[in-house]
Number of protein chains: 2
Amino acid sequence: MRPKNLEKEEAIRTIALQIIAEEGLENLTMQKLAKAANISPRTIYIKYRDKEDLLIKLFIEEVLEPYEKAVLENFHAGMDFATGIKKLWQNSFRYLSRNRTHFALLRNGKTSPLLNKAYQQANIEQGQYFKPIQQFFKQQEKQGMIRNFHQDIYSALLFAPLLELVSEYFDYTERPRQIITEKVILDCCETVIRGMLK
Amino acid sequence: MRPKNLEKEEAIRTIALQIIAEEGLENLTMQKLAKAANISPRTIYIKYRDKEDLLIKLFIEEVLEPYEKAVLENFHAGMDFATGIKKLWQNSFRYLSRNRTHFALLRNGKTSPLLNKAYQQANIEQGQYFKPIQQFFKQQEKQGMIRNFHQDIYSALLFAPLLELVSEYFDYTERPRQIITEKVILDCCETVIRGMLK
DNA sequence: GCAAAGTAAGTAAATGTTTGTTTACTTATA
DNA sequence: TATAAGTAAACAAACATTTACTTACTTTGC
């Protein structure tokens with residue numbers, strides 16, 4: 001039996017992410033992808049059931065899970081509040097700023113009904129993503145370190161600005177000077193933390 | 001000469017926004033839209049050059065500009081920091097929570113290359129959107145009220161959480177109890193303000 | 001050891017369907 | 001009656017997916 005060519009599978013994923021980042025999710029077509037990856041359209045269907053299957057696997061396996069892993073590196077639910085949040089911001093910024101195409105697809109997770117549904121489902125089936133962060137919030141709340149909010153509200157207040165800053169980071173790569181540096185990220189992080197402390 | 005039927009033009013816009021909100025931007029087709037609006041596809045082309053033209057006008061004229069107007073209502077660049085930010089949050093939350101379909105398209109402004117490009121261009125041609133907010137930040141900075149950041153960074157820190165909270169507001173309309181109330185929004189706003197003050 | 005059979009991976013080209021848009025015609029009002 | 005608004009049906013192009021075939025590797029029988 002002829003063995004699978006893993007390079008081709010990787011080319012499919014990498015080039016799909018590139019097309020999405022450059023032309024948007026709505027402009028990714030199977031035939032365009034095949035041509036760009038220098039393979040036959042049929043080859044994509046050997047590795048993925050259909051386009052939905054490809055997009056969902058790309059989103060969950062190629063982007064969301066590696067991102068989660070990167071964000072949680074050296075993070076523990078027992079950390080003190082400021083240290084923990086700073087670690088999460090730093091991990092997140094480093095990963096996303098170095099993986100432009102991953103960030104581009106990640107952003108589509110909220111607007112694309114297909115990806116959003118896939119995320120909700122995987123979140124239930126695989127166990128919650130970013131679980132240690134939820135535990136971290138619970139502990140901080142119990143210790144009386146931070147103001148009392150619902151879990152989902154903590155995420156909005158503490159992480160939405162970071163993703164917006166990453167977005168601006170990429171906007172500024174096309175301009176003369178980058179304003180979003182790791183130092184700026186840390187300053188912003190401290191600003192966000194200060195608001196949240198009791 | 002037969003006069004334009006303005007109801008039909010409005011139906012096109014309203015129903016396009018509905019389809020986008022329920023099925024996503026990528027699932028809006030001209031034929032689906034015509035059928036849902038009970039008109040011939042040709043009628044859409046009397047009012048819009050092509051699909052791009054429709055989407056861009058929908059985004060800029062139907063969503064972005066009314067949103068800007070609502071956000072800036074009773075806001076002045078001379079307000080003190082906390083009062084100004086609270087007014088912006090309140091205006092924004094009221095408008096978006098009552099206009100689900102507008103919010104849905106607004107979110108696509110970042111991920112869709114077509115809409116993003118249209119926004120950049122309109123921002124230059126029409127004069128900057130949300131200009132009073134930029135002036136407000138400049139004044140606050142000059143008065144030494146807030147920490148020194150680039151203009152774009154203020155937006156990220158002060159408004160990204162709000163849009164995320166609106167997103168959660170709509171997620172929670174499908175659950176037993178709404179957690180994002182106007183009071184919660186105000187609490188969150190104060191948290192964000194506190195972090196930003198010197 | 002080794003060749004030939006077996007098999008899934010892979011290709012080029014075609015399939016039917018859906019898409020944005022237009023054609024040829026009808027309708028309603030100034 | 002003149003004319004733009006509007007319709008139903010059709011158009012070509014683009015789309016996801018499949019068909020019919022070839023390729024390259026593993027396994028098996030000697």
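Bear in mind the structure is a predicted one, so any value in this text is a computation, not a measurement. Chain letters run A, B, ... following the sequence lines, proteins first and then strands; every chain starts at 1.
- For the pair Thr191(A) and Arg147(B), the tightest heavy-atom approach, listed with the atom from each and the gap, is OG1-NH1, 2.5 Å.
- Rounded to a whole Å, the NZ atom of Lys8(A) is 8 Å from the C1' atom of dA9(C).
- For the pair Asn5(B) CG and dA5(D) C1', the interatomic distance rounds to 9 Å; values are reported in whole Å.
- Spacing between atom CD1 of Ile39(A) and atom P of dT23(D) amounts to 18 Å, rounded to whole angstrom units.
- One N or O on the side chain of Tyr154(A) and one on the backbone of Phe149(A) form a donor-acceptor pair closer than 3.5 Å.
- The shortest distance between the side-chain N/O atoms of Lys47(A) and the OP1/OP2 oxygens of dA9(C) is not below 4.0 Å.
- Taken residue by residue, residues 18-29 of chain A places heavy atoms nearer than 4.0 Å to DNA chain D at Leu28(A), Thr29(A).
- Contact record, Ala16(A) with Leu58(A): CB-CD2, 3.6 Å, taken as the closest heavy-atom pair.
- Here the side chain of His76(B) pairs no donor or acceptor atom with the backbone of Gly78(B) at under 3.5 angstrom.
- Following rounding to the nearest Å, Leu33(A) (CG) and dT17(D) (C1') show an atom-to-atom distance of 14 Å.
- With hydrogens and angles left out, the side-chain atoms of Asp80(A) and Thr83(A) include a donor and acceptor closer than 3.5 Å.
- Rounding to whole angstrom units, CG of residue Leu6(A) and P of dC25(D) are separated by 13 Å.
- Under a 3.5 Å cut-off, the side chain of Lys51(B) and the backbone N or O of Leu28(B) do form a donor-acceptor pair.
- Rounded to whole angstrom, the span from the CD1 atom of Ile46(A) across to the P atom of dA24(D) amounts to 14 Å.
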Practice item. Assess whether ring pair (Phe, Tyr, Trp, His ring centres under 6.0 Å) is satisfied between Tyr67(A) and Phe103(A), documenting all intermediate values. Key: CA-CA 9 Å; Tyr67(A) 174 57; Phe103(A) 178 64; 8.7 Å; no
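- Taking atom CD1 of residue Ile44(B) and atom P of nucleotide dT19(C), one finds them 13 Å apart after rounding to whole Å.
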Exercise for review: Let me have a per-nucleotide readout for nucleotides 21-30 of chain C, 5' to 3', with B, S or -, counting only protein heavy atoms under 4.0 Å.
Suggested key: BBB---BBBB
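- We find that CG of Asp53(A) is positioned 14 Å from C1' of dA16(D), with the value rounded to whole Å.
- One finds no side-chain N or O of Lys35(A) lying less than 4.0 angstrom from the OP1 or OP2 phosphate oxygen of dA12(C).
- Here the NZ-CG distance, from Lys110(A) to Asn108(B), works out to 13.5 Å after rounding to the nearest 0.5 Å.
- For the atom pair NZ (Lys86(B)) and CG (Asn91(B)), the distance works out to 14.0 Å, reported to the nearest 0.5 Å.
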